> 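What follows is a structure written as structure tokens; I'll ask about it next.
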Number of protein chains: 2
Amino acid sequence: MNKPTIRIKDIAQKANVSIGTVDRVLHNRGRVSEEVRVKILQIIEELDYQPNMIARTLGTNRTYRIAALIPDGTIDPYWQESQNGIEKAGKELQIYGVQITQYRFNQHDVQAFIDQATALAQANLDGILVAPVFYRESLPFFEQWHALSIPFVLFNTQIEESNSLSYIGQDAFQSGSLAGKLLHYGQPEGCTFLVAHIAEDIANSAHLLGKEKGFRAYFSQQPALASSYKVISADLKKPGDISFFHQLDRLLDHYPDMKGIFVTTSKAYEIATYLQHTPERNIRLVGYDLLEKNLAFMEEGLIDFIINQNPQGQGYWGIQFLADHLVFKKKVALRKNLPLDIITRENLAYYLEAAQ
Amino acid sequence: MNKPTIRIKDIAQKANVSIGTVDRVLHNRGRVSEEVRVKILQIIEELDYQPNMIARTLGTNRTYRIAALIPDGTIDPYWQESQNGIEKAGKELQIYGVQITQYRFNQHDVQAFIDQATALAQANLDGILVAPVFYRESLPFFEQWHALSIPFVLFNTQIEESNSLSYIGQDAFQSGSLAGKLLHYGQPEGCTFLVAHIAEDIANSAHLLGKEKGFRAYFSQQPALASSYKVISADLKKPGDISFFHQLDRLLDHYPDMKGIFVTTSKAYEIATYLQHTPERNIRLVGYDLLEKNLAFMEEGLIDFIINQNPQGQGYWGIQFLADHLVFKKKVALRKNLPLDIITRENLAYYLEAAQ
DNA sequence: TTGTAAGCGTTATCAG
DNA sequence: CTGATAACGCTTACAA
């Protein structure tokens, strides 16, 4: 039952060499005769040697410098959560020599992103975690990092052709399908649903469109539903502004059978505010993220379900993956899909609690 | 930004003593003059010394023996998941000297539980993780462990007066309320709901009743609902047997407006099997746990939602808490409520994936 | 191509 | 009461 925990010393003994030699083959440092190399490798195999990582990090007194390139959390609470996750991982990994520096940029300011991404380059980094909210502007940096062979992990927004070590996030398409299910569930008869994008630059944020596709697919893939449910989408600008309300007025007038709205961003509260000041139409609302404002409306019953994108978890796992790669030399998955948590009034508390 | 990571050597220097002395005050081993003790303590405070746990575990070459007392996973896949979680934590903690032995018992055999719990006592343990599925029979062992000052953590089933270090699980009451919400959501008019307990010995499993209470509370706490929804409960025996079907026949005959069934155990598939062989009544079904059989019915649309009790996570965190207490000397929470995950066809994949 | 020895931060033993 | 010192398993010069 209790294996006697075999050390590199044991391997050395069995092979009649010194630990130095074993170490050299362990790390492919060369300068070992092919003959003993094979022999040692075989013994390692046979004994199923597992390096003691904790002794290793103590031995190599090295540190790993990781940069987190991420929107400023003081501007948007969503990103504050990510920062928390990054910090949490940082604390856990500190003893392994992991040092994290956050490079924060204003998410509405492309230049700020470019500036921070440029600033990174000076830092002599071992790894980078990045939330590439600006698609076009991210690409050149990916190339640069790739050329420098600095491993980088993407989170929140996936970009396929990035050469990244991994992507942490959610499946936008499936997330949209889930929203479809939640709006449709228990709906007594056919009706119209609105997919509302409330963002600055939709073209530059592919995952919002992925959500819409998934939402539409939920209905189109089930023949019974395809005929009785209609899905429209709208690009709503300037939330809070009076024009925002007018846009919604027009939509609701035009589709009197509208029974549900799916907000593809974390701004469901903007629609909830509108619905609150409008005659009761019994419209369901599904959106993203556990922001204070959304939670308040969920409490009031104006928002039925929230899908948790788990920004904190995304930051946390992004750092963990980088550490797995850098310090633990583990192979990391090309992609980690975080679960699509369905939040409602009754189970909210435990997701907030888990975020500690 | 980069604190210079202070070591016990630094403290010793600053206090003009040797590291041996510092170590002694760090561990309250005595044999230190009060004068230097205070001085060292003050320096530690001042420099905010954080022991390097990884060096510590290397130094003290000690191991920690933890026992997991848990139902046999080969009998019930639910518990297999818990075993997986325990093993996962075990692997992660191995390098810290944590050794886990699982003591498995047949969950339908009280004597098997007693035998295993008794066997434990021989093992000279540092900690115990237990799923106390037998309420009455667990109590004497809790006392015994408490007397021996062996810290123990409960999971899955809470027992208040146990003196346990912590409890890992879910809030049964809130879980029931959530089920209420899921059955009620979008229900066009008043109806009857059935709370179905499918278990051997309900009196001995308090959390099933907690779920029922929560379910009833969901309706009774909202005056608008209290009048139009009726909740009944039933204790169903011998699933699979013909008598099981008869019980259900009778209930459905008696309550023609029954629109939903909440199964408080993981046996929703038993009801789904019944509904499949019965004229379509459009009855919603909500139950627990991602068992193969449940998932198959969810795929077919017979089960709408499953609440995930996350048996794997329970096992995992149970071990982690014990390790936090034993090896990392961290204070652990008296209770950890795992989130009430809502699973439906559209988000299932990611919960299965996360279980790796 | 190989072996030796010092060092990582901590614990634990043992002599003063 | 106190201070050296070996040990934990591994890395990394450096010497042979």
Side-chain angles (χ1 to χ4, degrees), chain A residues 3-41 43-44 47-64 93-99 326-329, chain B residues 3-41 43-44 47-64 93-99 326-329:
Chain A
K3 357 159 185 168
T5 162
I6 90 119
R7 304 132 37 249
I8 124 166
K9 194 183 188 178
D10 301 315
I11 298 171
Q13 250 159 24
K14 192 147 186 179
N16 285 317
V17 293
S18 78
I19 62 168
T21 306
V22 176
D23 183 70
R24 255 165 269 142
V25 354
L26 236 24
H27 294 86
N28 300 310
R29 295 198 223 281
R31 302 187 306 160
V32 176
S33 76
E34 186 57 18
E35 189 190 4
V36 302
R37 205 184 77 86
V38 173
K39 184 175 178 187
I40 289 177
L41 246 21
I43 295 181
I44 287 177
L47 264 43
D48 185 32
Y49 167 71
Q50 302 291 123
N52 181 332
M53 293 311 294
I54 138 166
R56 162 146 22 190
T57 56
L58 198 56
T60 74
N61 208 21
R62 84 162 279 191
T63 61
Y64 300 88
L93 295 166
Q94 197 175 16
I95 55 167
Y96 294 106
V98 172
Q99 295 175 343
L326 292 171
V327 355
F328 304 113
K329 315 293 185 213
Chain B
K3 10 179 169 146
T5 164
I6 92 117
R7 302 123 51 241
I8 123 166
K9 195 182 190 178
D10 301 315
I11 298 171
Q13 250 159 25
K14 192 146 185 179
N16 286 316
V17 293
S18 77
I19 61 169
T21 307
V22 176
D23 182 70
R24 256 164 268 142
V25 353
L26 236 23
H27 295 86
N28 300 309
R29 296 197 223 279
R31 301 185 306 161
V32 176
S33 75
E34 186 58 18
E35 189 190 5
V36 302
R37 206 183 76 88
V38 173
K39 184 175 178 186
I40 289 176
L41 246 20
I43 295 180
I44 287 177
L47 265 43
D48 186 31
Y49 166 72
Q50 301 291 122
N52 181 331
M53 294 310 294
I54 139 168
R56 174 175 312 195
T57 56
L58 197 57
T60 74
N61 209 20
R62 87 160 277 189
T63 60
Y64 299 87
L93 295 166
Q94 198 174 17
I95 56 168
Y96 293 106
V98 172
Q99 296 176 342
L326 292 171
V327 356
F328 304 113
K329 315 292 187 212

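None of these values were measured; they are calculated from a predicted model. Here is how names work: the chains are called A, B, and so on, in the same order as the sequence lines, proteins then strands, and each is numbered from 1.
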> Separation of B:Y96 atom OH from D:dG9 atom P, in whole Å?
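That distance rounds to 16 Å.
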
> Mind checking side chain to side chain contact (heavy atoms under 4.5 Å, CB included) for A:E34 and listing every partner two or more places apart, or none if nothing turns up?
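By the side chain to side chain contact (heavy atoms under 4.5 Å, CB included) rule, A:E34 matches A:R37, A:V38.
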
> At under 4.0 Å between heavy atoms, how does the protein contact nucleotides 7-16 of chain C? Give one character per nucleotide, 5' to 3', with B, S or -.
BBBBBB----

> Using the test side chain to side chain contact (heavy atoms under 4.5 Å, CB included), find all partners of A:T63 that sit at least two apart in sequence or belong to another chain.
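Once residues adjacent in sequence are excluded, the partners of A:T63 under the side chain to side chain contact (heavy atoms under 4.5 Å, CB included) criterion are A:Q99.
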
> What pairs with A:R29 under side chain to side chain contact (heavy atoms under 4.5 Å, CB included), at least two apart in sequence or on another chain?
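Once residues adjacent in sequence are excluded, the partners of A:R29 under the side chain to side chain contact (heavy atoms under 4.5 Å, CB included) criterion are A:D23, A:R24, A:H27.
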
> Tell me the bend of the helix from C:dT1-D:dA16 to C:dG16-D:dC1 as the angle between end helix axes, each from five pairs, rounded to the nearest 10 degrees.
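Taking the rotation axis at each end, their angle is 50°.
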
> Round to the nearest Å and state the distance from B:N28 atom CG to D:dC1 atom P.
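The answer, rounded to whole Å, is 15 Å.
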
> In whole Å, what is the span from the CD1 atom of B:I95 to the C1' atom of D:dC10?
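Computing the B:I95:CD1 to D:dC10:C1' distance gives 13 Å.
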
> Go through the structure and list residues passing side chain to side chain contact (heavy atoms under 4.5 Å, CB included) with B:L26, not counting sequence neighbours.
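Result, side chain to side chain contact (heavy atoms under 4.5 Å, CB included) vs B:L26: B:V22, B:I44, B:Y49.
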
> Who are the side-chain hydrogen bond (donor to acceptor under 3.5 Å, both in side chains) partners of A:K329, not counting sequence neighbours?
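Residues passing side-chain hydrogen bond (donor to acceptor under 3.5 Å, both in side chains) with A:K329: none at all.
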
> Can you name the residues that form a side-chain hydrogen bond (donor to acceptor under 3.5 Å, both in side chains) with A:Y96, not counting sequence neighbours?
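For A:Y96 the side-chain hydrogen bond (donor to acceptor under 3.5 Å, both in side chains) partners, ignoring immediate neighbours, are B:Y96.
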
> Are OP1 or OP2 of C:dT4 and a side-chain N or O of A:S18 less than 4.0 angstrom apart?
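Answer is no, no contact under 4.0 Å.
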
> Tell me every residue that passes side-chain hydrogen bond (donor to acceptor under 3.5 Å, both in side chains) with A:R7, counting only those two or more places apart in sequence or in another chain.
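If we apply the side-chain hydrogen bond (donor to acceptor under 3.5 Å, both in side chains) test to A:R7, skipping adjacent residues, the hits are A:D10.
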
> Rounded off to whole Å, could you give me the CZ-to-C1' distance for the A:R37 and C:dT2 pair?
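Interatomic distance, CZ of A:R37 to C1' of C:dT2: 16 Å.
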
> To the nearest 0.5 Å, tell me how far B:Q94 CD sits from A:I54 CD1.
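Here the interatomic distance stands at 12.0 Å.
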
